[in-house]
Asker: 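Okay, here's the structure, questions in a sec.
For this chain, numbers begin at 1 and follow the sequence in order.
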Amino acid sequence: MTRLAYVVSRFPHVTETFIVRELNAVRADLDEEIELFSLFPPVDPTVHPSAARWVAGLHPGGRPAAVIAAVARWLVERPLTTTHAAAALVAAHRRSPRLAARNLAAFGLACAHARSARALGIRHVHAHFATYPAVAAWTISQLTGATFSFTAHAHDIYLDTSFLPRLLADAAFAVPISAYGRDILLREGAAPDRVHVIHCGVDPAAYAFAPRTPPPAGVVRMLCVASLQEYKGHRFLLRALATDDPPLRRIHLELAGRGELRDELESLSRDLGLEHRVSFLGPLTEPEIVAALARAHAFVLPSIVVPGTGFTEGIPVSLMEAMASGTPVIASSVAGVPELVIDGETGLLAVPADEVDLRRALTRLLTEPQTAIAERSLAARRIVERQFDLAASAAQMTRLLSAQLDPRPAVPTGPRQA
């Protein structure tokens with residue numbers, strides 16, 4: 001029997017390499033099979049090589065007829081638990097019918113997965129993201145008696161926390177990826193002893209460390225790996241590059257990623273006269289990203305906090321990858337980013353949504369002594385090795401999961417029934 005399952009929104013998802021890396025590492029550490037449940041269909045055909053093994057055994061979200069049948073079966077088998085769980089979701093989102101409907105959809109999909117989880121002997125379910133995946137893990141827990149936990153990343157705890165207190169009360173533990181996220185969970189009522197900060201990580205050995213500095217003359221190859229979405233701040237980066245300042249005019253920018261802003265950003269680059277200095281690479285696989293980093297002189301990620309929503313970063317793995325490879329980085333001082341990119345020590349930080357300050361940081365990188373840049377690159381590699389190493393993060397997660405699997409805790413970690 002399989003005792004452990006993970007729940008995610010979509011799989012595969014090209015920008016969520018951190019989930020695949022954790023799955024592979026935890027599976028190796030535990031020496032145990034892991035079932036993977038997804039809720040919604042993938043939106044990108046790109047499959048990283050490391051994700052291929054999980055695609056083959058994936059439990060996708062059920063078709064509507066199967067979901068309705070699963071809900072009906074649970075209503076017959078456990079009527080009070082099923083209705084109370086659905087009612088709790090509706091009550092938590094009573095001020096937003098749209099969110100209530102989406103969470104009920106996740107609830108229905110989870111009811112279908114709960115049938116499989118019980119048949120497989122799942123004892124613990126871990127979810128990535130404190131939104132629909134955590135709701136699904138909670139639902140499986142309510143229906144089957146398995147324990148559950150979740151990893152909280154960024155927007156999932158920044159935007160809507162209506163159901164978060166209930167998740168925190170019932171979860172065996174919660175894993176924020178940053179100290180910034182931990183503080184949010186504590187404010188929402190989490191018990192301190194059930195909150196464990198575990199950074200997303202990378203394997204430093206996968207990135208040949210070669211400290212780079214922008215050349216004193218000629219083209220500067222600058223890379224940005226990020227989905228083409230508003231909170232990544234691409235607009236401000238393009239505007240920062242639209243200048244007559246000689247140092248910045250040497251930059252050729254490569255944008256790797258896909259997203260709904262592709263057409264808009266291409267149009268903006270033309271309007272700003274940057275079409276010959278900006279290349280759109282589309283989504284890249286992990287090996288392609290390693291190759292792109294190897295040829296880059298610098299890496300930039302100008303994230304912002306989206307006005308009106310608060311949507312922003314956690315701690316982007318792409319920054320860890322760049323820093324592990326020796327590529328000097330420029331990022332924005334949002335959310336947990338300063339825990340990785342320490343301004344002037346492991347990289348440079350700019351004020352988010354401020355192209356003038358971003359231009360200042362870019363100019364500094366291109367004009368300061370190369371020895372200073374090389375020292376920061378070395379410090380960047382060290383912080384990745386010490387605090388954002390995948391093996392260490394996976395070992396932390398394995399310890400938490402093992403405590404739920406064998407032996408089962410003698411004292412319940414939280415209320416199990418609605």
Asker: Let me have the donor-acceptor pairs involving side chains of residues 382-390, under 3.5 Å, with sequence neighbours excluded, atom names and distances please.
Answerer:
unit_1: Glu385; atom_1: OE2; unit_2: Arg381; atom_2: NE; d: 2.9
unit_1: Asp389; atom_1: OD2; unit_2: Ala391; atom_2: N; d: 3.0
unit_1: Asp389; atom_1: OD2; unit_2: Ala392; atom_2: N; d: 3.1

Asker: Which residues satisfy the side chain to side chain donor-acceptor pair (under 3.5 Å) test with Arg360, sequence neighbours excluded?
Answerer: Asp357
Asker: Which heavy atom of Val26 sits nearest a heavy atom of Leu401, and at what distance?
Answerer: CG1-CD1, 3.8 Å
Asker: Decide yes or no on side chain to side chain donor-acceptor pair (under 3.5 Å) for Glu22 and His128, but give the supporting numbers first.
Answerer: CA-CA 10 Å; Glu22 181 182 304; His128 265 280; 3.2 Å; yes
Asker: Test: salt bridge (Lys or Arg N to Asp or Glu O under 4.0 Å). Region: residues 300-327. Which pairs qualify, not counting sequence neighbours?
Answerer: Arg21-Glu321, Lys232-Glu313
Asker: Of all residues at least two apart in sequence or in a different chain, which pass the side chain to side chain donor-acceptor pair (under 3.5 Å) check with His234?
Answerer: none
Asker: Go through the side-chain N and O atoms of Glu35 and His59 and say whether any donor and acceptor fall under 3.5 Å apart.
Answerer: yes
Asker: Under the side chain to side chain donor-acceptor pair (under 3.5 Å) rule, collect the residues that match up with Glu266, sequence neighbours excluded.
Answerer: Arg262
Asker: Could you give me the CA-CA distance, side-chain angles and deciding distance for Arg376 and Glu368, then say whether salt bridge (charged side-chain N to carboxylate O under 4.0 Å, His left out) is met?
Answerer: CA-CA 12 Å; Arg376 280 203 305 273; Glu368 68 181 333; 2.4 Å; yes
Asker: Do the non-hydrogen side-chain atoms of Ile198 and Leu400 ever get within less than 4.5 Å of each other?
Answerer: yes
Asker: Is the distance between the ring centroids of Phe11 and Tyr6 under 6.0 Å?
Answerer: no
Asker: Evaluate the salt bridge (charged side-chain N to carboxylate O under 4.0 Å, His left out) criterion for residues Arg235 and Glu264: first the C-alpha distance (whole Å), next the side-chain angles of each, then the deciding distance (0.1 Å), finally the verdict.
Answerer: CA-CA 9 Å; Arg235 295 191 191 98; Glu264 178 184 329; 2.6 Å; yes
Asker: Quick check for you: to the nearest 0.5 Å, what is the distance between Leu261 atom CG and Leu228 atom CG?
Answerer: 7.0 Å
Asker: Do His124 and Thr147 get their side chains close enough for a donor-acceptor pair, meaning under 3.5 Å?
Answerer: yes
Asker: So which heavy atom on Val305 is nearest to which on Val334, and how close?
Answerer: CG2-CG1, 4.1 Å
Asker: In sequence, state the C-alpha distance, the side-chain angles, and the governing distance for Thr312 and His155, and then conclude on side chain to side chain donor-acceptor pair (under 3.5 Å).
Answerer: CA-CA 6 Å; Thr312 190; His155 64 271; over 6 Å; no
Asker: Looking only at heavy atoms, which two atoms of Ser377 and Gly326 are closest? And how far apart?
Answerer: OG-O, 3.4 Å
Asker: Classify the angle between the aromatic ring planes of Phe37 and His113 as parallel (below 30°), tilted (30 to 60°) or perpendicular (above 60°).
Answerer: tilted
Asker: Quick one: which residue pairs count as a side-chain hydrogen bond (donor to acceptor under 3.5 Å, both in side chains) with a foot in residues 329-342, not counting sequence neighbours?
Answerer: none
Asker: Start with the C-alpha gap between Glu288 and Thr285, add the side-chain angles, then the distance that decides, and say whether side chain to side chain donor-acceptor pair (under 3.5 Å) holds.
Answerer: CA-CA 5 Å; Glu288 290 171 334; Thr285 63; 3.3 Å; yes
Asker: Using atom types as modelled and distance alone, determine if a side-chain donor or acceptor of Arg270 lies under 3.5 Å from a backbone N or O of Glu275.
Answerer: no
